[in-house]
Colleague: 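This is the structure I want to talk about, given as structure tokens.
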Amino acid sequence: MSKEELQNGLNPQQREALLHTDGPLLVLAGAGSGKTRVITHKYALLTKEEKVSPSSIFTVTFTNKAANEMKERISSLISDDLKGCWIGTFHSQCNRILRSDITALGYRSEFVIYDESDRHSLIRHILRELKIYEALYKGVASRISSLKASMVTPEEFLSSGDGFGFDEKLAKVYIRFQDELRRCNALDFDDLIMLTVRLFQEHPDVLQKYREKFAYILVDEFQDTNRAQYQLVKFLASGHGNIFAVGDDDQSIYRFRGAEVKNILNFEKDFPGVKVIKLEQNYRSTQNILDVSGSIISKNPKRNVKTLWTDRGRGEKVFFYWLPVEEDEAKYVVRTIKDIYLKGVYNYRDMAVLYRINLQSRVIEEALRREGIPYRVVGGMSFYERKEVKDIIAYLRLCVNHHDNVSLRRIINTPHRGIGSATLNKIEQESKRRGISLFEAIRRICKTKSSSQTVIDKLDVFLKLINGISGLKDSSASEAIKSVVELTSYAEELEEQRIQNLTELMISAEGSSIDEFLDRVSLVTRLDESMPDDSISLMTLHTAKGLEFPVVFIVGIEEGLIPYFKSADNEEEVHEERRLFYVGLTRAKDILCLTGARRRRIFSKRQEQEPSRFLKDIPREHCHWVEKAACKKVSGNGSKEKGFARNKAVVYAFPYKTGCRVRHPKWGIGVVRDCYGKGDDLKVCVNFPGVGIKRLALKFAHLERI
DNA sequence: CGAATTGAGTTTTTT
DNA sequence: ACTCAATTCG
């Protein structure tokens, strides 16, 4: 594509951002303003016109999904292949750098990467040893994580500490944690960033090498960077200043995990002469949706004001429904979903239900199930977090790296081989006494026969097993997985579904070496989520960031949920809740429907709920505002719930009930899903197995009741 | 060593 | 209400 072609279809601001090639540039991109478009076109322009090699453009995103999407879109713009390009997540980019240069910091380059749960088990182990209440491990882990994300060393933390006992203990755990990681030859996610920054700090020659290598730095979702990530980018860019950062401070919703919006503000200080461009034309939503979301976000102070506009027209008003209890809310949402679906304009995949906390999905799911509407809950446990998958990966890690104590602890008795806590304690002691890894300690115990024969026998079996698998080091990852499963008899007495998962794991490993595979599973959280079926998406507001749907429901717009009660007394956090709400609102393209319930069960307590304070900021003229005292329209069946079954209002006598069977001359036998309309316009929705769901005008479809 | 029972706590999440 | 985890019992 030529320079001219790359500009086609861009608005003036986008074009300006595209054509600014030298020096720092900050693009404040409102929701739905086509930021990815600008980034990808920029990338294409740099490689095509400026003849910059893809290997000289350092491009970072936060998620793999974003990185892949970007790669795809770029490769459709330029015909060259992107081999050797540097487009990836912060973590994968840092991994790449560290794999080649971490030895400068005294680490070995074959480190393994610990995920959240590995980190948790290591911290629990340390707490146990230091005799600190173990149940605190989650809090401790997250404190340490945020210290590392802010590049604070244990020493610095200690000196800045308030001298209260707990901080001292925390620092101790922190030191110990880093120490253990090192002994295990492992890095956690925070280390990947932190150590890369440290590498640049302490080794100017290495920094110089990368500065020369990367002529341009592109940062996506800049508002989500934490301090370490920002330092990283700053290091790379401060030589030539060719940094191109894209973000939206209004969509900063990850403060709780260390994101610092102030990086956007600092940016103008750190890179003098920065050009700031705002993208305010929105290509996603109707004007009504933009007005409503704008009225919400404009109440936040300290923001880069952006006023989104669209040429799409006003569109539907935004719906707000206030219902008596959460079940009513769910029912209302589901009924509306069905109504919309049956009108035929939108499919289920075009709709999403968003909520503040995962717990809220339950009621919605139940209501959807009752109506037989297909749905999927987005988020939740990722494939690689499943126990059986993690177990097998632990075996692989241990084989590649005998120092990996965390993996060893995980699988030493999985599947059961009679090695319990007593034996493990003995091993731990031996390892501590000699300053060797657990694996070495086991070897020693076996060699010196310093335990009872039964224990030695069991340990010996384990040793032989690991040694046997270690022999597979050079075989392919999928071979190795197969062998691990066989040698450990892992699949025995495992449920069918879990065996399936292992098969899936093997398939996903095909074609990679063990090292590559381990890297990938650490840095890629979920398998590519395929979504071929037509189903409603359910997810939290956080998960919805970056996505868009023609029809969006946001449920539970109540005080206590949005803003969440734990945030309600902290001003900063209320601002973040407001942004979160804003993110949710701006996901909608055509139809936006907000709901809330007057009474709701939260943690088994029935609570009287107030409408969210944010609702006060929405101008009523953009909304259909409906408060329901009780559920009026009860759809024939399913109204046996207490309270509002009184209106047995079967409005029209439909000839077909949901669930009854019919025969169609062409499609055969099907099940009636729904029946609506009246008179000559009576429509019936039938699911024909193997054919799919059909909507038929009763008048023309020659249905036969069976 | 492993199963069963009791008890505490309860946001959001990517890598 | 429900989950997850620790402790206790067999």
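Order of the sequence lines fixes the chain letters, A, B, ..., with proteins taken first and strands second; residue numbering starts at 1 for each chain.
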Colleague: Give the ring-plane orientation class for Tyr254(A) versus Phe256(A), where under 30° counts as parallel, over 60° as perpendicular and anything between as tilted.
Modeller: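 Ring orientation of Tyr254(A) relative to Phe256(A): tilted.
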Colleague: Counting only side-chain nitrogens and oxygens, does Asn64(A) get under 4.0 Å of the OP1 or OP2 atom of dT15(B)?
Modeller: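 Yes, Asn64(A) has a side-chain N/O under 4.0 Å of OP1/OP2 on dT15(B).
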Colleague: Return the orientation label for the His91(A) and Phe189(A) ring planes: parallel under 30°, perpendicular over 60°, tilted otherwise.
Modeller: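 Perpendicular: the ring planes of His91(A) and Phe189(A) meet at over 60°.
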Colleague: Go nucleotide by nucleotide along DNA chain B from the 5' end; which of Thr423(A) and Glu116(A) gets its closest nucleotide reached first?
Modeller: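 Result of the comparison: Thr423(A).
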Colleague: Which nucleotide, dT15(B), dT14(B), dT3(C), lies nearest any side-chain atom of Phe189(A)?
Modeller: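 The closest nucleotide is dT15(B).
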Colleague: Would you mind classifying the nucleic acid contact of Ser92(A) as base, sugar-phosphate or nothing, using non-hydrogen atoms under 4.0 angstrom?
Modeller: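 No contact at all - Ser92(A) keeps every heavy atom at 4.0 Å or more from the nucleic acid.
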Colleague: Does Ser567(A) make a side-chain N or O approach to OP1 or OP2 of dT12(B) shorter than 4.0 Å?
Modeller: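 So the side-chain polar atoms of Ser567(A) never come under 4.0 Å of the phosphate oxygens OP1 or OP2 of dT12(B).
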Colleague: With a 4.5 Å heavy-atom cut-off, do Arg257(A) and Asn226(A) have their side chains touching?
Modeller: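 Sidechains of Asn226(A) and Arg257(A): no contact.
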Colleague: His416(A) side chain N/O closer than 4.0 Å to the phosphate oxygens (OP1, OP2) of dG2(B)?
Modeller: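 For His416(A), the contact criterion (side-chain N or O under 4.0 Å from OP1 or OP2 of dG2(B)) is met.
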Colleague: Hey, is the side chain of Tyr137(A) poking within less than 4.0 Å of OP1 or OP2 on dA5(C), counting only N and O atoms?
Modeller: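 Looking at the OP1 and OP2 atoms of dA5(C), one of them is under 4.0 Å from a side-chain N or O of Tyr137(A).
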Colleague: If each of Arg417(A) and Phe256(A) is mapped to the nucleotide of DNA chain B with the nearest heavy atom, which maps nearer the 5' terminus, i.e. the 5' end?
Modeller: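 Counting from the 5' end, the first nearest nucleotide belongs to Arg417(A).
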Colleague: Answer with base, sugar-phosphate or nothing: what part of the nucleic acid does Tyr254(A) contact at a heavy-atom distance below 4.0 Å?
Modeller: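 Here Tyr254(A) touches the backbone only, sparing every base.
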Colleague: Rounded to whole angstrom, note down the P distance from dT13(B) over to dC4(C).
Modeller: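 Going atom to atom, P in each nucleotide, I get 15 Å.
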Colleague: For His91(A) and dT14(B), what is the distance between atoms NE2 and C1' respectively, to the nearest whole Å?
Modeller: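 One finds 7 Å between C1' of dT14(B) and NE2 of His91(A), rounded.
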Colleague: Give me the distance, rounded to whole Å, that separates dA5(C) from dT12(B) when you measure between the P atoms they each carry.
Modeller: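 Straight-line distance between the two P atoms is 16 Å.
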Colleague: Answer yes or no for this row: Tyr564(A) ring on dT12(B) base, centroids under 5.5 Å, planes under 30°.
Modeller: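 Given the distance and angle limits, no, they do not stack.
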Colleague: When you measure from the side chain of Arg362(A), which nucleotide among dC2(C), dT15(B), dT12(B) comes out closest?
Modeller: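 Within the option list, the nearest is dC2(C).
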Colleague: Considering every strand and a 4.0 Å limit on heavy-atom distances, what is the contact class for Asn413(A): base, sugar-phosphate, or nothing?
Modeller: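 Sugar-phosphate contact only - Asn413(A) comes under 4.0 Å of backbone atoms but never of a base.
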Colleague: With a 4.0 Å limit, can you tell me whether Asn358(A) has a side-chain N or O closer than that to the phosphate oxygens OP1/OP2 of dT12(B)?
Modeller: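 Yes, Asn358(A) has a side-chain N/O under 4.0 Å of OP1/OP2 on dT12(B).
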Colleague: Do the side chains of His403(A) and Arg108(A) get nearer than 4.5 Å, heavy atoms only?
Modeller: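 In short, these two side chains touch, coming nearer than 4.5 Å.
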Colleague: Which is true for Ala422(A) with a 4.0 Å heavy-atom rule: it touches a base, it touches only sugar-phosphate, or it touches nothing?
Modeller: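 Ala422(A): backbone/sugar contact only, no base atoms under 4.0 Å.
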Colleague: Rounding to an integer number of Å, can you tell me how far Arg124(A) CZ sits from dC4(C) C1'?
Modeller: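 Taking atom C1' of dC4(C) as the reference, CZ of Arg124(A) is at 10 Å.
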Colleague: Write down the distance between CD1 (Ile357(A)) and P (dC2(C)), rounded to a whole number of angstrom.
Modeller: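 Computing the Ile357(A):CD1 to dC2(C):P distance gives 15 Å.
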Colleague: Between atom CG of Leu127(A) and atom OH of Tyr137(A), what is the distance when rounded to the nearest 0.5 Å?
Modeller: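 These two atoms lie 10.5 Å from each other.
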Colleague: Think Thr540(A) has a side-chain N or O under 4.0 angstrom from the OP1 or OP2 of dT13(B)?
Modeller: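 For Thr540(A), the contact criterion (side-chain N or O under 4.0 Å from OP1 or OP2 of dT13(B)) is met.
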Colleague: To the nearest Å, how far apart are Ile412(A) CD1 and dC1(B) P?
Modeller: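 Result: 11 Å.
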